[in-house]
Every structure is written in structure tokens, then in C-alpha cells.
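Everything below concerns the one structure shown next.
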Amino acid sequence: RTWDVRVSCRNEGMADDYASAVAALDELVSQAPRGRRDGASWSESFAALRACAHALHLPERYDGLRVVHVAGTKGKGSVCAMVESILRCTGRRTGMYTSPHLLDVRERIRIEGKPVSEAQFAKRFWHCWHTIRDAAPEGGVPALFRFLTLMAMHTFAEERVDATVLEVGLGGRLDATNIVPAPKVCGITAIGFDHMELLGNTLSAIATEKAGILKPGVPAYTVPQEKEAMEALKRVAEDVQAPLHLAKPLESYLRDPEVGGGSFRDVPIGLQGNHQRVNASLAVSLCHAWEESCGLTMPTSKRRCEMLAAGVLPREYEEGLRQASWPGRSQVVQENESVTYYLDGAHTAESMDACAQWFADATSQVQVPGETHVYERWMVFYCKKDRDPARLLLPLATRFRAREIDVRRALFVAPDSSVTTLTTHAGPSRSSTTNWERHLQATWETLHENHSPPPPPKVPWPVEDPQNTNHSAVVPSVANAMEWIRNYPFKERPKKHLQILVTGSLYLVGDALRVLRRGRPL
């Protein structure tokens, strides 16, 4: 058996409290690559996970978790949030496991829509920690995501949830969440190019890995896909004998007569953007299948299933979609009368295009003809070094050009958080250089070389540098960038309002939310 991490002796004698749990978890953050493209070490780690699950007595509890399992490239977290919200509105006690977190690791494990408390987290963490260490050779435990997956399922079993919503972390076939042998229903969101070093360089290869969550006889639903991806999904579904269906479009439903009836076409939902309505259609199909599979013991379940089969969206489903929230995805936060932030953790070419469209729609709706306010659009951007910035920034620039959206200023800044630790770095960026951020800036400037430059900023950029332009600048930290925005001289132009898009990385978005919320949890 292969174990991901050997925990150092620094954990010996730790108090079994929350702070110590986070410190121990921080040692599980793997600094090494997840594995070669052929999946060798990844496969070994997945196989070893079963021994950990047996130590926690999870296999005999899987069926009682009544799992909704969701994979995909874009929108799987949003779909999970909507599924959880709908099922909760039907009266179910829900558990949801997602990743990554934005501000606090407890966000990954939610009971009835809320992160578990520090006391709950510590209790479940230390039980899993000690149990797995006692069972593992030489005290080894799985790396962070795999450990938290086991901990989440143990938590949901102990909390006796009625329904469990699991978001795949990466891929599907060898993802830790795929240890559940028979979920009640599976969903696959839109598939695009991401994590190609592990999943493959074609949509067919990527879709095949995502479809690895499909199980014999378990109903599965997806959304419209590129031809190559859809063919791969159908092929795997046929091979494993999983009935695969296309989710019914949200706009095709009628409203429940109890809420007035009529078309659902123009009814708003909690998550903004046209792409979220596609995600919502998948969430509705997954909840319908879940209720048909294991929910008909509740008297109202039969009524809802009959309504859905007739093309009517039950009021509980509409309420669930309306209440659903997913921080950092198509999120609008007005900091004050002069600044509104638009936050979206898009980090693939396809999701960047959807983000750009959402930002264009959302900011255009605010700008009322004849209004005295002067609106100006800015951007704060970062992407990880394993991504191609041109591939991400081009969809933004192209969509903005088509919609006549002028991004007057762009700030390029490294996040204060990191994939290599659970703790947040305060102050200037960890990096001793800003070479990567300069590369991002240069890429953006190239895309904007035909645009007329704006006048110089009313105040100097946060850092004086000859490479900064009137269009753009590199800033050493998220906190530094947002403090500079707060100090912008709005008194000189009281009617000016900044609409600021923050995108490219969930870590960047999380740090922006941390500054905006001034330490308050989500």
C-alpha cells in the first residue's frame, strides 16, 4: 500500500483542538505533483484510500449517505450548491463536501448549508486522524484532499444526514470522492480543457476521466457538451450500463400553481449569469432523480416527482434555486457607494468567457441612461503559473470588445493565499519577484495595444515602477491593491463609481473576500 504523507513527530502531543487540527492538516498539503499523466502514483494513492475507509468503517455506511455525485470542468461547485439548497428546501437534512475553500477550511464540509463549527470539525478530524494513523503503516495518512474526503463522509454519517452532495476534486475516475461505490445519482457539468497534465490533451480523454464516476444502473445527467466530449460520455455510460440523460432546460418548466404558475423563463435564481441557469437545469434533474431513488417515503416527494414529470417546477425547487448561494462565483459585493466588486473564480478559457459575459451583463444593467453617475470598469487578475495567461485573458478581451466593454485599468497581483498551505500570508506577496505578474500584465497590454490609453490615475499606482502604464500595474498583494482602491480620491469626482472584476483564481477571489469581509466568515 502507498501512503501519501508521513506526518512528522511535531504532531505528537498536540492538543485535540481546532487550531491544532488546522496545523496538522497543513502538513498534509502535498508539495509534490499529483502523479504522471499515466496515473501511476495517482492510482496507487486511490487504492490505498480504501484501507483508510475500512479503518473508519465507511463502506458499510456509504449507502446511508444517499450520495449525489457531481463531476465536470465548469460549474460543478455551483451545481452542488443548488442541489444542496433544493434538497434542504424539501425538508432534508443535507451534507455537502466541496473544494477548495475560500476563507476557512471548514467551508468544505457543510451541514444544512452551513460550515461545521470549529468544535465539530476538531472532533471529527481527530477521530479520523487517530484512527487512520493507528491503522496505517508507520503512521502515514493521506494527503489533504483525500483525508478531508474521508473526514467529510465520516462527519455526514455521524450527523445522520438524509442526503450527501459530493463535488469531485479533480477528474473523476481516480478522485477520492469516487470511493463511494453506488451513489443515488451522478451529474457531469460542462467539460473543457483543464488539468491536462493528468487528464489528457483532448476533450475525449478529459470527458472519459470525468465519466469515471458513472456506475452500473445509477442514473446520470449532463448538460449540452462539445460533440467530442458528449461522445466520450455516452461511450463510458454504455460500457458501464449507466443510463445517461440530458438535463431538461430550466426555461422549459412551468411554475408551481402555488406560486402563481406561468413560465419559469424570466424567474431569477440565486446565482447570476446565463451559464448558471444551465447549471440550475442539471441541479433540478439531479434532485428529481434523487427523490425518485430514495425520497418517496416523504408524502410531498411523490407530488413533486409527478409535477416534475409533467414539466412543472415544484415551489420547493424554485425556492431552493432562489436561495442558493456560492461565494466567489458570479458574486457581487458593493463595498461602498463608490465601489462594487464582481468576483468570479473562473480559471479556464471556457469559464473566463462565461465570466466576461456575466460581468458585461451585470454592469450594463446597472448603468441607467440619463443617470448622473460615471461608471468605470477595472479588473484585478491573477492566474497560477501552470496556466497559459493568453488562453485565459483572450476570452475576456474578445468578449469585452464584442460587448463594447472598456476595462480602463487592470491590476495584476499574486494572492496572499497559496495552494501549498492552509494559512493565509499577511502583507506583501510571498514571492521575492513579480516576474510572473509582469508576464500577466504584458499579455493583457498586448491584447489591448489597439485601445486608446486612459489618462494617468488620479493617484500614483501603489508601487512606482517604470513598467506600469496608464492601463495597468503590478501590485505586491491583494490587501495592498484593495487598500489603494479604497483610498482613491472619490471626493474629487463624487459621481464616479468603480465596477471591479476580480477573476482568474479562486485563491485571489478568496483573498479579496477576506479583505472585503474584514475577517468575518462567509
Side-chain angles (χ1 to χ4, degrees), residues 1-12 14 16 20-35 39-67 69 71 95-101 105-106 108-109 116 120-161 164-183 198 212-213 215 422:
R1 292 180 294 179
T2 301
W3 301 84
D4 296 292
V5 175
R6 290 182 183 175
V7 181
S8 74
C9 60
R10 289 197 289 117
N11 294 122
E12 298 296 339
M14 268 188 171
D16 286 2
S20 300
V22 173
L25 270 177
D26 212 30
E27 291 202 12
L28 302 186
V29 179
S30 176
Q31 307 287 328
R34 292 183 177 96
S41 61
W42 202 10
S43 298
E44 292 167 359
S45 295
F46 182 75
L49 199 65
R50 299 189 187 280
C52 300
H54 278 282
L56 292 168
H57 302 287
L58 288 177
E60 57 263 38
R61 308 177 84 176
Y62 287 145
D63 195 56
L65 294 177
R66 304 179 189 90
V67 169
H69 201 188
M96 182 171 72
Y97 175 62
T98 59
S99 63
H101 61 274
V105 68
R106 294 178 296 118
R108 298 182 183 223
I109 304 175
V116 294
Q120 280 179 304
F121 189 97
K123 178 180 179 181
R124 305 305 180 196
F125 171 86
W126 288 113
H127 171 81
C128 294
W129 178 271
H130 294 310
T131 301
I132 291 173
R133 285 193 66 187
D134 289 346
E138 301 182 33
V141 294
L144 178 71
F145 180 79
R146 297 184 182 97
F147 181 90
L148 286 176
T149 301
L150 296 173
M151 177 182 159
M153 288 192 280
H154 167 72
T155 300
F156 299 147
E158 290 295 308
E159 294 290 331
R160 298 184 178 182
V161 300
T164 298
V165 185
L166 295 181
E167 179 194 10
V168 167
L170 192 159
R173 181 175 63 93
L174 294 175
D175 187 75
T177 60
N178 206 30
I179 198 170
V180 177
L198 282 172
I213 69 168
K215 305 294 189 302
L422 293 178

- Message: If you define the side chain from C-beta out and look only at heavy atoms, does anything of Leu65 sit under 4.5 Å from Met153?
- Response: yes
- Task: State which residues pass side-chain hydrogen bond (donor to acceptor under 3.5 Å, both in side chains) with Glu159; sequence neighbours excluded, sorted by chain then number.
- Result: Arg93, Gln120, Arg124
- Note on the structure: Value for CG (Leu56) from CD1 (Ile132), rounded to nearest 0.5 Å, stands at 4.5 Å
- Item | Straight-line distance of Leu25 CG to Glu27 CD, nearest 0.5 Å | 10.0 Å
- Do you know the tightest heavy-atom contact between Ala24 and Trp126? CB-CH2, 4.2 Å
- Taking every non-hydrogen atom, the tightest pair across Asn178 and Gly212: ND2-O, 3.1 Å
- Query: When the ring planes of Phe145 and Tyr97 are compared, do they come out parallel, tilted or perpendicular, using 30° and 60° as the limits?
  - Reply: tilted
- Side-chain contact, heavy-atom cut-off 4.5 Å: Val67 with Phe156? no
- Nearest atoms (heavy-atom pairs only) where Ala53 meets Pro59: O-CD, 3.4 Å
- Evaluate the side-chain proximity of Phe125 to Ile109: yes if any heavy-atom separation is below 4.5 Å, no if none is. no
- Task: Run the numbers on Met151 and Phe121 for side chain to side chain contact (heavy atoms under 4.5 Å, CB included), then give the verdict.
- Result: CA-CA 9 Å; Met151 177 182 159; Phe121 189 97; 3.6 Å; yes
- Any donor-acceptor N/O pair, Arg106 side chain to Val116 backbone, under 3.5 Å: yes
- Between Ala71 and Gly171, which heavy-atom pair has the shortest distance, and what is it? CB-O, 4.0 Å
- Apply salt bridge (Lys or Arg N to Asp or Glu O under 4.0 Å) to the pair Arg61 and Glu158, showing each step before the final yes or no. CA-CA 10 Å; Arg61 308 177 84 176; Glu158 290 295 308; 2.9 Å; yes
- Can you measure from CD1 (Ile179) to OG1 (Thr149) and round to the nearest 0.5 angstrom? 9.0 Å
- Item | From CG (Leu148) to OG1 (Thr177), nearest 0.5 Å | 13.0 Å
- Smallest heavy-atom separation, Pro181 atom then Tyr62 atom, equals CD-CD1, 3.3 Å
- Query: Of the non-hydrogen atoms in Cys128 and His154, which two are nearest, and what is the gap between them?
  - Reply: SG-CD2, 3.7 Å
- Message: Can you tell me how far apart CE (Met96) and CZ (Arg108) are? Round to the nearest 0.5 Å.
- Response: 13.0 Å
- Between CG of Leu49 and CG of Leu150, what distance do you get to the nearest 0.5 Å? 4.5 Å
